[in-house]
Trainee: 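After the structure tokens below, expect a handful of questions from me.
Convention: sequence-line order gives letters A, B, ...; per-chain numbering from 1. Excluded from the calculations below are hydrogen atoms, water molecules and symmetry mates; all remaining heavy atoms, backbone and side chain alike, are included.
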Amino acid sequence: MTEISVTFEDGAVERVPAGTEAGEAIRRHAERDGAGRRRAARPVAARLDADGSTVVDLTRPLVRDCRLTPVAADSRDGLDVVRHSAAHLMAQAVKRLFPETQITIGPVIENGFYYDFKRPDGFASEDLPRIEEMMRAIVAEDLPVRREEVPRDEAVRRFREMGEHYKVEIIEGIPEDTVSLYHQGEFVDLCRGPHVPSTGCIPAFRLTSVAGAYWRGDARNEQLQRIYGTAWASEQELEAYLKRLEEAKQRDHRRLGQVLDLFSLHPISPGSPFFHPKGAVVYNTLVEYIRGLYARYGYTEVITPLVYKTELWKTSGHYDAFRDDMFLMTIEDDEYGVKPMNCPGHCYLFATRKHSYRDLPVRYADFSRLHRFEPSGTLAGLVRVRSMAQDDAHIYCTPQQLDDELERFIAMTREVYGAFGFDRVEVTLQTRPEKFLGRLELWNAAEAALRRALEQAGYAVTVLEGQGAFYGPKIGFDFRDVLERSWTLATVQIDCAMPERFGLRYVTAEGTEATPVMLHRAVLGSLERFIAILVEHTAGRLPLWLAPVQVRVLPVSEKAAAYATRVAEACTASGLRAEADLRNEKLGYKVREAQVEKVPVIAVVGEREAAANTVAPRGDGAPQAAVPLEAFVARVAGEARRPGGVA
RNA sequence: GCCGAUGUAGCUCAGGGGUAGAGCAGCUGAUUUGUAAUCAGCAGGUCGUCGGUUCGACUCCGACCAUCGGCUCCA
């Protein structure tokens, strides 16, 4: 029998007969290197370098010389394998408990996996513990997992016999002539693999939720039942993950929004937040901040109607695309709508007078409230609402000014992200979708301009083909928060349709008329969503300049009440949002409450401070030495200055 | 909109076919407090809404509404 050489990471070379399984080769190597065996966790798969760096089953026969690296369960690749195998494990358990169920697909996702099933009665949450129990039983059986390669027609025939019609459909769509199947006990699934060598190698998992999902992700197709699960290399890691989820819940803006008394939602207007006084402070302070920047970046603010005849959106093209998602009403035989966006209104505003190239660029900023009839099932806190406002603006300029305008916008975005300390930003370029308005050459020029601007700004860009708006391509600035979620905040879009559809013109230097270039742009995006993201990112500890209450003065007893009031007034006189907590409570109680409400500056005053005209600040959870009142006010007022002011 | 779950006092939650309970918050009083919860008393609920079953429904059934987790969508 011919022998082959298997080279390991440590340089050791193992001579084994051709056809030896990868797992066997790893075992031999580990036996020779006792320390290594102790060091390396039990592998769940192997990386076969000579074969295109692919991760393969431990049961894969080695046929030629190769480099082989064990893949441990707790490695990135290993977790993928474990999770994929957990998905198969779940499908097997489901088939045992509910044989009438058809299996479809079951991929790995971040932190876990899911499997989509077709079952006439669907699944209830109570089914999950039963399925989990069966999964544990199958783990205990430690069934070997076996890979089999079969001709595609053969696979189709077998799955058809099993009544797995979705699998048949999937296999029929595979171009290759041979497909791989994975067996474990009585269960067989179409799969590329790799998988763990046996069902006993799936260390820790939990089923988390049931959901509906559409076959092939298309709402026109029938609905399947999706079961989500999470799987880890050990029980400890599973527990740690579940704990992280709990902690994320503590930062949820819906919870904090209540604790901090920022906003509430009421069934009387679903998806339309009520901003409480404190929430309104945050909201308005953000608007004032952006207004301050507009003064420097050359925007002019406008105020435009909330309600228009629908003719407006028939012209813009929105009516066709979004009619069902608008608040519409008929009055005196005319159909009206509440505006879901500002752009068409701004086009009318632009057309109220004749423009010269000398007027351009025109930059209309608008903080109007917008209303969109978002489907009921999609509403979520401040993140997905029916009533919202953006730091919206539309720029009309000449083609020659376009590059400068894009550069100016990127500069403003950078300034804002810098002010919030958002340093993890990814940029996407979203190109022409299948359904689009406007001329192709405009689209091509617009996409080129956006590319140019991003290159100029030095961004590494991810291109999302076909993800642009129907009227133009866009750039998205995605911010990744502390919970590793990505949010598109700023966006700029070049409009390839509206200027022509609204017949917008300006007079050129040559005395001829031309169509202006139109940009749509926002930096914060929706104020509602921005507030939600900021609250979660900061765990409710908003930056001082945004905090609804910046200073709370706590008198030690009633004897210091008058002085506490004086301190709060001194703060207010310096432009700070300050209040004195004069309630008849012990100091510890008031401190606790101020901490829970995340008031950034706590100032304790007792008889000592009153006598010395000082305050005792409480920084990061600990009391500090008393400082003179004036110095305290000056320091806090300085730190609370809104960013972006003219120096 | 679709699938699954939840809905009891302002908030967090317990209860269960015979017409509701706690803690916190609120109010009143006592306490005058030195850095994360002082004590006592009082008050507070058509048990999400509507309909059905029942002698009787907050509890069982149905529809609807809202919220949560997903799917689709997101100008």
Side-chain angles (χ1 to χ4, degrees), chain A residues 109 114 116 119 122-128 208-228 245 249 252 254-255 258-259 261 264-271 313 316-326 339-344 370 372-381 383-385 390 392 433 437 467-472 474 488 491 493 495 497-498 520 526 529 554-561 583-597 602-609 616-619 621-624 626:
Chain A
I109 53 173
Y114 66 77
D116 284 349
R119 179 169 181 240
F123 293 100
S125 304
E126 297 94 74
D127 295 330
L128 295 188
T208 50
S209 60
V210 198
Y214 300 103
W215 170 233
R216 294 190 185 278
D218 191 327
R220 288 167 302 192
N221 289 341
E222 60 185 307
Q223 187 147 33
L224 309 172
Q225 289 77 46
R226 174 172 300 179
I227 301 179
Y228 283 94
L245 284 187
K249 245 190 206 159
D252 191 307
R254 290 166 296 199
R255 190 189 82 85
Q258 187 177 287
V259 173
D261 198 16
S264 59
L265 291 158
H266 196 280
I268 201 66
S269 185
W313 300 291
S316 71
H318 287 97
Y319 195 79
D320 279 342
F322 296 108
R323 168 181 32 203
D324 292 340
D325 307 311
M326 287 175 62
K339 69 174 164 188
M341 84 296 290
N342 291 310
C343 33
L370 305 175
R372 299 177 176 184
F373 193 81
E374 303 285 357
S376 55
T378 64
L379 302 176
V383 172
R384 187 79 182 260
V385 291
Q390 300 171 311
D392 196 15
L437 296 180
Q467 299 291 299
F470 69 82
Y471 51 73
K474 64 178 168 191
T488 297
T491 176
Q493 305 159 9
D495 199 310
M498 268 185 246
H520 305 240
S526 128
R529 217 166 63 116
L554 309 184
V556 171
S557 79
E558 235 168 65
K559 292 178 193 124
R583 291 174 306 167
N584 179 13
E585 296 290 352
K586 296 178 84 163
L587 181 58
Y589 179 90
K590 295 182 192 177
V591 167
R592 176 176 191 278
E593 198 145 286
Q595 297 275 354
V596 168
E597 289 175 33
I602 297 171
V604 174
V605 295
E607 291 174 273
R608 288 203 298 269
E609 286 76 14
R618 193 192 153 89
Q624 292 175 354

Trainee: Looking across every strand, which nucleic acid part, if any, lies under 4.0 Å from A:E607 by heavy atom: base, sugar-phosphate, or nothing?
Mentor: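 A:E607: base contact, heavy atoms under 4.0 Å.
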
Trainee: Quick one: pull up OH in A:Y214 and CG in A:N221 and give me the separation to the nearest 0.5 Å.
Mentor: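 With rounding to 0.5 Å, OH (A:Y214) is 10.5 Å from CG (A:N221).
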
Trainee: Where the side chain of A:Q258 is defined as all heavy atoms beyond and including C-beta, which of B:U12, B:G34, B:A5 is the nearest nucleotide?
Mentor: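 Within the option list, the nearest is B:U12.
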
Trainee: To check you understand the geometry: which heavy-atom pair defines the closest contact between A:L265 and A:G271, and what is its length?
Mentor: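 Residues A:L265 and A:G271, closest heavy atoms: CD2-C, 4.2 Å.
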
Trainee: Reading RNA chain B 5' to 3', how would its secondary structure be written in dot-bracket notation, given Watson-Crick and G-U pairs with both distances under 3.5 Å, brackets [ ] for crossing pairs and | for partners on other strands?
Mentor: (((((((..((((....[..)))).(((((.......))))).....(((((..]....))))))))))))....

Trainee: Please report, rounded to the nearest Å, how far the C1' atom of B:U38 is from the CZ atom of A:R592.
Mentor: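 Result: 14 Å.
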
Trainee: Between C1' on B:A5 and CD1 on A:I227, what's the gap in Å once rounded to a whole number?
Mentor: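 Atom CD1 in A:I227 sits about 14 Å away from atom C1' in B:A5.
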
Trainee: Taking the C1' atom in each of B:C47 and B:U19, what is the distance between them to the nearest angstrom?
Mentor: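 Result for the C1' pair: 11 Å, nearest Å.
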
Trainee: Classify the ring geometry of A:H318 against A:F470: parallel below 30°, tilted from 30° to 60°, perpendicular beyond 60°.
Mentor: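 Perpendicular, since the angle between the ring planes exceeds 60°.
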
Trainee: How long is the line joining CZ of A:R618 and C1' of B:A36, in whole Å?
Mentor: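 In whole Å, B:A36 C1' and A:R618 CZ are 7 Å from each other.
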
Trainee: Looking at every heavy atom in both A:V556 and A:L587, which two are closest together, and how far apart are they?
Mentor: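 Distance-wise, the nearest heavy atoms are CG2-CD2, 4.1 Å.
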
Trainee: Taking only side-chain N and O atoms of A:Y589, does any of them lie within less than 4.0 angstrom of OP1 or OP2 on B:G34?
Mentor: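 No, A:Y589 has no side-chain N/O under 4.0 Å of OP1/OP2 on B:G34.
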
Trainee: If you look at every strand shown and take non-hydrogen atoms under 4.0 Å, does A:Y114 touch a base, only sugar-phosphate, or nothing?
Mentor: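 No contact.
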
Trainee: Rounded to the nearest 0.5 Å, how far does CZ of A:R384 lie from CZ of A:R529?
Mentor: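 It comes to 9.5 Å.
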
Trainee: Given B:U33, is OP1 or OP2 found less than 4.0 Å from the side-chain N or O atoms of A:K559?
Mentor: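 For A:K559, the contact criterion (side-chain N or O under 4.0 Å from OP1 or OP2 of B:U33) is met.
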
Trainee: If you measure from the P atom in B:C60 to the same atom in B:G17, how many Å do you get, rounded?
Mentor: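 It works out to 8 Å between them.
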
Trainee: Atom CD in A:Q595, atom CD in A:E597: separation rounded to 0.5 Å?
Mentor: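 Rounded to the nearest 0.5 Å, the CD-CD separation comes to 11.0 Å.
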
Trainee: Starting from P on B:U33, measure out to CD on A:E558 and report it in whole angstrom.
Mentor: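 Atom CD in A:E558 sits about 11 Å away from atom P in B:U33.
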
Trainee: Can you check the distance between B:G48 and B:A5, where both ends of the measurement are the C1' atom (answer in whole Å)?
Mentor: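 My reading of the C1' atoms in B:G48 and B:A5 gives 15 Å.
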
Trainee: Find which nucleotide of RNA chain B each of A:G606 and A:E126 is nearest to by heavy atoms, and output the residue with the more 5' nucleotide.
Mentor: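 Going by which nucleotide is closer to the 5' end, it is A:E126.
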
Trainee: Considering only atom P, compute the distance from B:A43 to B:G29 and round it to an integer number of Å.
Mentor: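 Taking atom P in both B:A43 and B:G29, they lie 16 Å apart.
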
Trainee: Specify the closest pair of heavy atoms between A:F123 and A:D127, including all atoms of both residues, with the distance to one decimal.
Mentor: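 Heavy atoms only, the tightest pair is CA-OD2, 3.4 Å.
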
Trainee: For nucleotides 65-75 of chain B, give me one character per nucleotide, 5' to 3': B if any protein heavy atom sits under 4.0 Å from the base, S if the only such contacts are to the sugar-phosphate, - if neither.
Mentor: -SSSBBBBBBB

Trainee: Considering only atom C1', compute the distance from B:U72 to B:G62 and round it to an integer number of Å.
Mentor: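 It works out to 28 Å between them.
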
Trainee: How does protein contact run along nucleotides 40-48 of chain B, one letter per nucleotide 5' to 3', with B for base contact, S for sugar-phosphate only, - for none, heavy atoms under 4.0 Å?
Mentor: ---------

Trainee: Using atom types as modelled and distance alone, determine if a side-chain donor or acceptor of A:R226 lies under 3.5 Å from a backbone N or O of A:A211.
Mentor: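 Not a single qualifying donor-acceptor pair exists.
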
Trainee: What integer number of Å spans the P atoms of B:C13 and B:U8?
Mentor: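 That atom pair is separated by 9 Å.
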
Trainee: For a quick check of understanding: with a heavy-atom distance under 4.0 Å over all strands, which category does A:Q624 fall into, base, sugar-phosphate or nothing?
Mentor: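 A:Q624: no heavy atom of the nucleic acid under 4.0 Å.
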
Trainee: For A:E222 and B:G1, what is the distance between atoms CD and C1' respectively, to the nearest whole Å?
Mentor: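 Atom-to-atom, A:E222 to B:G1, this comes out as 17 Å.
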
Trainee: Donor-acceptor pair, distance only, cut-off 3.5 Å: does the side chain of A:T208 make one with the backbone of A:Y228?
Mentor: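 Flag set: sc A:T208 to bb A:Y228 pair under 3.5 Å.
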
Trainee: Just how far is it from atom CD of A:E222 to atom CZ of A:R216, taken to the nearest 0.5 Å?
Mentor: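 So the CD of A:E222 and the CZ of A:R216 are separated by 11.5 Å.
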
Trainee: About how many Å separate CG of A:L437 and OG of A:S316, when rounded to the nearest 0.5 Å?
Mentor: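 Separation between the atoms: 8.5 Å.
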
Trainee: Which atom pair, heavy atoms only, marks the closest approach of A:R583 to A:K590?
Mentor: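 Nearest pair, atom of A:R583 first, then A:K590: O-NZ, 2.9 Å.
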
Trainee: When the distance from CD of A:E593 to P of B:A36 is rounded to whole Å, what number comes out?
Mentor: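 About 14 Å, once rounded to whole Å.
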
Trainee: Given atom CZ of A:R583 and atom P of B:A36, what is their separation to the nearest angstrom?
Mentor: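 It is 15 Å, rounded to the nearest whole Å.
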
Trainee: Any chance you could measure A:L379, atom CG, to A:E374, atom CD, to the nearest 0.5 Å?
Mentor: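 Answer rounded to 0.5 Å: 7.0 Å.
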
Trainee: Using the P atom as the reference point in each nucleotide, state the distance between B:A37 and B:G18 in Å, no decimals.
Mentor: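 Straight-line distance between the two P atoms is 41 Å.
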
Trainee: Can you tell me the distance, in whole Å, between the CD atom of A:E597 and the C1' atom of B:A37?
Mentor: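 My rounded result for the distance is 13 Å.
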
Trainee: Would you classify A:A616 as touching base, sugar-phosphate or nothing, given that sugar-phosphate means primed atoms plus P, OP1 and OP2, and contacts are heavy atoms under 4.0 Å?
Mentor: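 Base contact.
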
Trainee: Roughly how many Å apart are B:A22 and B:A40, using the P atom of each and rounding to a whole number?
Mentor: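 It comes out at 14 Å once rounded to the nearest Å.
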
